[in-house]
Amino acid sequence: MDKRFVYADNAATTKVSDIVLNAMLPYFSEHYGNASSIYEMGRNAKRALELSREKVAKALSCEPNEIYFTSCGSEADNWAIKGVCEKLGPKGKKHIITSVFEHHAVLHTCEALERQGFEVTYIPVDEKGIVKLNELKNAIREDTATVSIMFANNEIGTIQPIKEIADICKERGVIFHTDAVQAIGNVEINVKELGVDLLSLSGHKIHAPKGVGALYIRKGLVLPNFIHGGAQERNKRGGTENVASIVGLGVAMEEAVKDIPQRVERVTRLRNRLIDGILQLPHTRLNGDREKRLCGNCNISIEGVEGEALLLMLDMHGICASSGSACTSGSLDPSHVLLALGLSHEVAHGSLRLSISDETTDEDVDYILEVMPKVVNRLREMSPLWEKIVKAENR
Ligand code: PLP
């Protein structure tokens, strides 16, 4: 078996595409002006910013003046939730609703607000990783300031019923934020048809660079500033704009929403090959709904195997993957997302996330499927946990 390099961790981050890189390069070397400067180079930078804003807006079917650039998806999440709470808290609305399996950018923001006196209800998800709408309906109160539910989960890829959630929030007069960092380019998103009030996105999940994101704020909803400073972003977010990255984000958004159905079809076929191939191994289970999931996401629990050890062995074979989300690796706690599905700590520990992209090929999938049984069998041979499982089975 020839060793290959297979990048299967696109949910953690993606490669900057050539088209994005080429669009960005002149903004480092020629058009490096500050977008607030009045001379021509500054005006060029400003024009590039506004063009990018138009592209992001078009990709989401909203107005350019509803898009605010941020330094990342985490900042957009923080701004959305803290902004609504800062605005409505003093009016007596001190309750937030979110789900148990949000990204930490949302969960830790909610925890910070709890320390400031806000109350948070964490809605459970079903065993397939879909938010329970009835629980959401029952949780909304007179003093609910905001609901924040992610569009698609970063670990198990499940896509949430965003339109239904937006309808519930609208009916009850509650501001709805969705973290769409993982959904962009995988699902058609029209913020007006969906009826969301706030939506976060991030460049590095869609082949733009790390360190750039955006927040959609519905016209008519005025949030307090998150970063105080200069007059950038129509006085809403101080800080000299990262022009090159914003240019990259605009191009990446344009590319991401092109031909979504065709891309989803192609990537889904490859992903299903991966899922079906790995599920051939005994004592494995797919985490998250099979249909309502991102086309590139394969998250499988493999009993009798330690996730970290599996990742290291896969790395030795040139395969980049993840167990739990990249943001929590380094921590030995089992993933809060997998626990939310009802998995035991042991099973959650032995989970693997492979996230493929439109650059993944059939040969890459063949290679992963060739490596996986060898690696899993080797780890199981060494695992006391596996011995226990086999003994219990033969009893
Ligand atoms: N939200 C989700 C669902 C994510 O997957 C991520 C990144 O992994 C973020 C937010 C944070 O985005 P960023 O890395 O741009 O801060």
Side-chain angles (χ1 to χ4, degrees), residues 7-16 20 56 67-82 98-112 122 125 129-131 147-160 162 165 177-187 189 196 198-216 226-227 237 239 242 245-246 248-249 252-253 256 287-288 292-299 320-331 335-338 340 353-357:
Y7 186 74
D9 204 15
N10 288 277
T13 200
T14 57
K15 178 180 166 187
V16 173
V20 167
V56 175
I67 298 298
Y68 295 84
F69 293 116
T70 63
S71 69
C72 58
S74 300
E75 183 191 323
D77 286 342
N78 271 260
W79 187 7
I81 301 168
K82 289 181 182 165
T98 188
S99 81
V100 284
F101 79 160
E102 296 295 310
H103 188 271
H104 284 131
V106 167
L107 287 180
H108 289 170
T109 298
C110 289
E111 285 164 21
Y122 298 90
V125 296
I130 307 292
V131 164
V147 169
S148 178
I149 304 283
M150 69 202 319
F151 212 122
N153 184 272
N154 45 304
E155 291 189 38
I156 55 172
T158 49
I159 300 169
Q160 304 305 311
I162 294 302
I165 297 172
H177 164 249
T178 187
D179 172 339
V181 167
Q182 293 286 343
I184 303 286
N186 290 304
V187 186
I189 299 180
V196 304
L198 296 155
L199 178 144
S200 309
L201 60 95
S202 175
H204 73 108
K205 310 291 182 177
I206 53 166
H207 304 285
K210 294 153 194 63
V212 65
L215 178 63
Y216 156 77
F226 184 62
I227 295 185
R237 194 248 179 210
N242 181 353
S245 290
I246 290 172
L249 177 64
M253 284 292 286
N287 295 317
K292 293 178 199 149
R293 74 189 295 131
L294 296 174
C295 58
N297 179 289
C298 164
N299 188 313
C320 302
S322 160
S323 119
S325 69
C327 320
T328 53
S329 61
S331 133
S335 139
H336 67 289
V337 174
L338 298 178
R353 179 187 71 184
L354 295 159
S355 45
I356 59 172
S357 78

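Just so we're clear, the structure is a prediction, and the values are computed from it rather than from any experiment. Order of listing sets the numbers, starting from 1, for every ligand and every atom in it.
Residue contact check for ligand 1: Lys205 places a non-hydrogen atom closer than 4.0 Å to it.
Looking at every heavy atom in both residues, Cys110 comes nearest to Tyr122 through CB-OH, 4.0 Å. The nearest pair of heavy atoms linking Val106 to Asp179 is CG2-OD2, 4.3 Å. Residues Ser99 and Leu107 share a closest heavy-atom pair of O-CD2, 3.6 Å.
Applying the side-chain contact (heavy atoms from CB on, under 4.5 Å) test between Glu155 and each of Val337, Asn297, Asn287 identifies Val337 as the sole match.
Set against the non-hydrogen atoms of Ser202, the atoms of ligand 1 under 4.0 Å away are 13 (P), 15 (O). Heavy-atom proximity to His204, at under 4.0 Å, picks out these atoms of ligand 1: 13 (P), 14 (O), 15 (O). Every atom of ligand 1 is numbered from 1 in the order shown, and the set under 4.0 Å from a heavy atom of Met150 is 3 (C). Atoms of ligand 1 found under 4.0 Å from any heavy atom of Asp77, numbered from 1 in the order shown, are 1 (N), 10 (C).
Between Asn154 and ligand 1, not a single N/O pair is under 3.5 Å apart. Polar contact with ligand 1: absent for Val181 (N/O pair, distance under 3.5 Å).
Using a 4.0 Å cut-off between heavy atoms, Ser74 contacts ligand 1 through both its backbone and its side chain. Here Val106 has no heavy atoms under 4.0 Å from ligand 1, in either its backbone or its side chain.
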* Report the C-alpha distance between Val56 and Ile246 in whole Å, list the side-chain angles of each, state the deciding distance to 0.1 Å, and finish with yes or no for side chain to side chain contact (heavy atoms under 4.5 Å, CB included). => CA-CA 10 Å; Val56 175; Ile246 290 172; over 6 Å; no

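Using modelled atom types, one finds no donor on one side chain facing an acceptor on the other under 3.5 Å when comparing Asn153 with Thr158.
Ring geometry, Phe226 versus Trp79: the interplanar angle falls under 30°, so the pair is classed parallel (tilted spans 30 to 60°).
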